[in-house]
Amino acid sequence: MRSHRKIWTTAAVTTAAVAGFVVFQNVTGDSADNSDSKAGPVRTDVRKTELKVAADGSSASLGRRDTAPFSMLGVTWTDPAAKVTGAVEVRTRSVANGTWTSWTPLETDIDGRMEAGPGVRGSTEPRWVGPSNGVEVRVTAGAKVSAKLPAGLRLDTVDPGKGSSLHAAPAAFAVETDAPTDDPSSSDSPAADPTDSSEPSPTATEPDTAPASETPSVTPSETATDSPAPTPSNSSSPTASTSPSASLPPAPPSTVPKPPITSRAGWGADESISPEAPEYTDTVKAVFVHHTAGTNTYSCADSAAVVRSVYAYHVKSNGWKDIGYNFLVDKCGTIFEGRKGGVDRPVFGAHTYGFNRQTAGIAVLGTYTDTAAPSAVTTSVARIAAWKLGQYKGDPAGSTMLTAGATGSNLAGTKFTAGTQYSFKQISGHRDGFATECPGTKLYGQLPAIRSLAAGPVTGLAIKSVTGATLSGTSYYTKSAITVGWSASTPSAFISKYELLVDGKSVASTAGTATSAKATLGAGTHTVQVRATHQSGKTSLSAAATVVADQTAPSFTTKPSLDLRTGTVDTTAVPLTLKWKATDTAALKEVRLTAPVAKTYGPTTTSASHTAKSGVATTWSMSAYDLAGNTAAASVAGTPVILQETSATKTGTWTTKSSSSYLGGKSYSSSAKGASLSWTFTGRSAAWVVSRASTSGQAYVYVDGTKVATVDLKSSTTKYRDALWTKSWSTSAKHTVKIVVVATSGRPAVTTDGLVYLK
């Protein structure tokens with residue numbers, strides 16, 4: 001079995017090599033933004049089981065079996081440079097319901113040579129399967145006749161431990177180094193009986209039995225073919241291989257705000273399994289985006305366990321010195337610190353073979369080949385990429401030159417030669433630097449949007465509302481105070497501030513999370529805009545809105561007035577016409593009648609038909625409103641009076657007719673030529689009320705002794721109480737209205753119900 005060495009260190013000591021033990025600097029930087037005060041190391045168990053390989057080497061398998069509980073798995077092999085050209089598939093049994101999954105493929109395009117050193121193995125990508133207690137594996141070499149499986153195939157299952165057991169991290173911690181030996185009973189060696197074997201776990205009480213000669217160097221191993229990191233001229237200690245007495249320079253500040261990051265302690269990293277000191281490069285010129293190629297159905301409450309499992313798989317299964325990625329992001333957008341060394345440091349990771357130096361790796365938990373990443377993911381990836389690049393004056397929308405540390409190719413077929421420089425987007429996908437589908441077709445297609453989010457400017461900025469104002473056409477009208485609301489498609493996390501501009505000048509400034517601001521406008525027409533400042537400093541302007549500030553009330557240029565109109569007369573409903581005209585210096589909105597009934601009229605309406613009770617004085621109250629909300633009021637009063645036919649002065653022959661259809665139940669009728677009726681009154685409008693039929697005749701109408709009309713009473717349908725003729729004056733005065741029977745040939749009869757006047 002493996003020999004285990006325990007080295008105890010205290011926090012914040014300088015990197016040094018001392019005979020017989022290792023002391024290294026515990027560099028955390030500012031990484032504990034989201035760490036729980038109760039967080040601490042959580043033990044993870046990795047169990048390793050040899051696969052049974054067919055005699056011809058073309059396939060391997062592990063029969064269906066019960067296992068100890070696990071939640072992540074992967075298949076590994078001895079040679080990190082070897083590949084499985086065929087397929088690796090697994091089935092697992094759920095702890096929750098005891099059902100078996102269908103066959104699930106494991107991605108095999110990871111290159112194990114991203115770390116070098118004893119015990120480093122080739123592997124599939126790990127896959128999170130959730131709490132499981134049964135497994136079955138099958139591996140095929142591929143269609144080529146010469147295809148063979150790599151040696152040392154085994155299944156590694158990972159139990160991430162219980163997050164609920166997190167506790168405060170101690171001041172000192174045990175560092176365990178696993179030195180591989182030639183002991184045939186080692187779990188890395190083929191087992192005689194292909195059954196699960198749990199990797200030995202160190203204990204704090206185990207003595208340090210490692211001889212001084214086995215103490216590892218504090219200089220971390222390079223990627224197999226990556227060139228050594230250069231020492232920057234302005235730093236006395238850029239990497240872990242510098243003088244033991246040297247210290248790291250201050251981390252450079254970023255040009256953009258730092259997003260919340262869950263520290264390694266926050267997700268329960270067991271630092272004892274990765275005792276090597278971190279290695280640093282001199283800068284971060286680009287970030288590579290990955291996906292972990294697992295399921296997307298995990299609960300975000302399990303994300304820390306997923307990260308612990310990836311960590312354990314990379315270290316205990318792959319033989320790497322630490323988790324490969326610099327950062328991990330779950331589907332809910334939570335950012336996790338990956339490889340140790342300080343989130344604000346240029347930590348040398350293991351994520352993109354040949355291009356690990358001067359880059360950072362960001363891995364999204366899950367598979368995004370056929371499914372697009374949710375906005376929470378793209379937002380967090382853009383935030384951490386922008387912050388990291390901002391430490392080194394990078395441009396998330398720009399390109400940079402990277403020197404290949406190994407010979408290889410990418411998915412597009414571009415060939416890379418070690419030591420040669422190549423152009424990369426500063427936010428690239430794993431497939432841009434290596435022949436892999438990672439980070440999945442869908443997420444790769446979202447990289448342009450991620451670059452735009454990270455680099456700015458703010459997009460989709462638009463004014464959505466202007467409250468305290470009324471929109472008419474393309475302009476808003478207000479008295480003075482307004483609240484402008486807006487929206488943007490860029491998430492607020494990228495926005496430093498908003499400003500409300502009036503006529504090009506900032507009158508209000510808000511946080512990037514705000515969606516509205518207030519302003520007070522002076523009289524006149526104004527141009528209103530919103531300006532958004534992206535965290536990069538780039539600004540965006542919304543389209544302009546025209547806002548007219550108006551404090552002048554509208555006016556009734558024609559005061560309200562009443563006239564009698566034609567129509568059917570009843571004692572409770574005498575036909576009237578209400579007239580007015582209102583105007584405004586800016587824009588009239590409407591005119592409202594508030595009494596005796598409520599009606600609203602448009603700005604161009606100047607009259608309306610109504611009725612009123614006879615003999616009752618009625619006040620008609622009106623208000624004019626402009627679009628700014630200013631108002632003006634006016635009113636007119638009137639009393640309709642019905643004069644019965646019996647109150648008229650008669651000449652000639654008139655016959656009384658009775659019917660409930662007549663006003664008062666009676667009317668006068670005459671066929672005698674020259675017969676007349678006259679009424680004298682004081683008022684400003686008059687209407688003659690008649691009964692009509694197909695046999696009705698004609699009459700002359702005289703006003704104050706002057707003939708003004710010849711009225712024909714003939715109607716195809718019978719009508720009663722019909723106001724057939726009206727006359728109005730500008731003021732109230734004494735008038736006499738006389739009607740004279742014409743005695744029209746064949747239809748001489750004229751029937752009158754009286755006269756109505758308005759006083």
Side-chain angles (χ1 to χ4, degrees), residues 2 4 39-49 67-76 80 90 92 106 110 112 114-115 117 119-133 135 154-166 169 173-178 180 186-188 196-203 262-276 290 292-295 298 302-328 330 336-340 349-351 361 363 365:
R2 283 184 170 178
H4 299 280
V42 177
R43 174 191 167 90
T44 55
D45 286 330
V46 177
R47 294 177 178 270
K48 305 168 183 180
T49 306
T67 67
F70 68 94
S71 293
M72 181 174 281
L73 54 71
V75 171
T76 69
V90 299
T92 58
L106 302 183
I110 186 174
M114 281 184 288
E115 295 268 37
V120 173
R121 296 173 62 84
S123 72
T124 66
E125 292 280 11
R127 185 175 184 88
W128 179 264
V129 293
S132 305
N133 58 11
V135 69
R154 76 177 190 220
L155 170 71
D156 286 21
T157 58
V158 183
D159 177 2
K162 300 296 184 182
S164 59
S165 65
L166 297 183
F173 53 87
V175 178
E176 176 194 358
T177 59
D178 291 330
S186 168
S187 61
D188 284 339
D196 290 350
S197 59
S198 177
E199 181 180 57
S201 172
T203 62
T262 299
S263 69
R264 287 169 66 92
W267 52 262
D270 181 358
E271 302 294 358
S272 69
I273 72 171
S274 57
E276 288 194 55
H290 306 253
T292 60
T295 180
Y298 62 89
D302 291 331
S303 296
V306 177
V307 174
R308 288 197 302 275
S309 297
V310 174
Y311 173 47
Y313 186 80
H314 282 182
V315 175
K316 294 184 176 183
S317 298
N318 291 18
W320 296 359
K321 68 180 182 181
D322 197 350
I323 193 169
Y325 310 113
N326 298 95
F327 302 96
L328 300 96
D330 73 8
F336 296 88
E337 177 184 11
R339 180 158 290 208
K340 68 185 170 190
H351 50 83
L365 303 182

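Both backbone and side-chain heavy atoms feed into the values below; hydrogens, waters and symmetry mates do not. Just so you know, these numbers come straight off a predicted model, no measurement behind them.
- When atom types are taken as modelled, the side chain of Arg127 and the backbone of Leu106 share no donor-acceptor pair closer than 3.5 angstrom.
- Contact annotation: the side chain of Tyr325 approaches that of His290 to within less than 4.5 Å [non-hydrogen atoms, C-beta and beyond].
- In terms of the salt bridge (charged side-chain N to carboxylate O under 4.0 Å, His left out) criterion, Asp330 has no residue partners (sequence neighbours excluded).
- In terms of the side chain to side chain donor-acceptor pair (under 3.5 Å) criterion, residue partners of Arg339 (sequence neighbours excluded) are, by chain and number, Glu115.
- At a threshold of 4.5 Å between non-hydrogen side-chain atoms, the residues Leu328 and Trp267 do not count as touching.
- Taking both residues in full, the closest heavy atoms of Pro126 and Tyr313 are given as CB-CD2, 3.6 Å, listed atom of the first, atom of the second, then distance.
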Legend entry - Test side-chain contact (heavy atoms from CB on, under 4.5 Å) applied to Leu365 and Val307, step by step: CA-CA 8 Å; Leu365 303 182; Val307 174; 4.1 Å; yes
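- Between Met72 and Val129 the shortest heavy-atom distance is N-CG2, 4.3 Å.
- Counting only N and O atoms by type, the side chains of Ser274 and Tyr311 include a donor and acceptor under 3.5 Å apart.
- Side-chain atoms of Arg264 come within 3.5 Å of backbone atoms of Gly338 as a donor-acceptor pair (strictly under, hydrogens ignored).
- The closest donor-acceptor contact from the side chain of Arg308 to the backbone of Val42 lies at 3.5 Å or more, if one exists at all.
- A donor-acceptor contact shorter than 3.5 Å is absent between the side chain of Lys316 and the backbone of Asp45.
- Using a 4.5 Å heavy-atom cutoff, the side chains of Thr292 and Trp128 are not in contact.
- Side chains of Asp270 and Thr44 form no contact here, defined as non-hydrogen atoms less than 4.5 Å apart.
- Across all non-hydrogen atoms, the minimal contact from Thr67 to Phe70 is OG1-CE2, 3.2 Å.
- Contact record, Ser317 with Arg121: O-CD, 3.4 Å, taken as the closest heavy-atom pair.
- Checking side-chain atoms of His314 against main-chain N and O of Gly324 turns up a donor-acceptor pair under 3.5 Å.
- Between Val46 and Ala312, the closest heavy-atom pair is CG2-CB, 4.0 Å.
- Put simply, CG on Leu155 and OG1 on Thr124 are 9.0 Å apart, with the number rounded to the nearest 0.5 Å.
- Residue Asp156 comes nearest to Lys48 through the heavy atom pair OD1-CG, 3.6 Å, listed as atom of the first residue, atom of the second, then distance.
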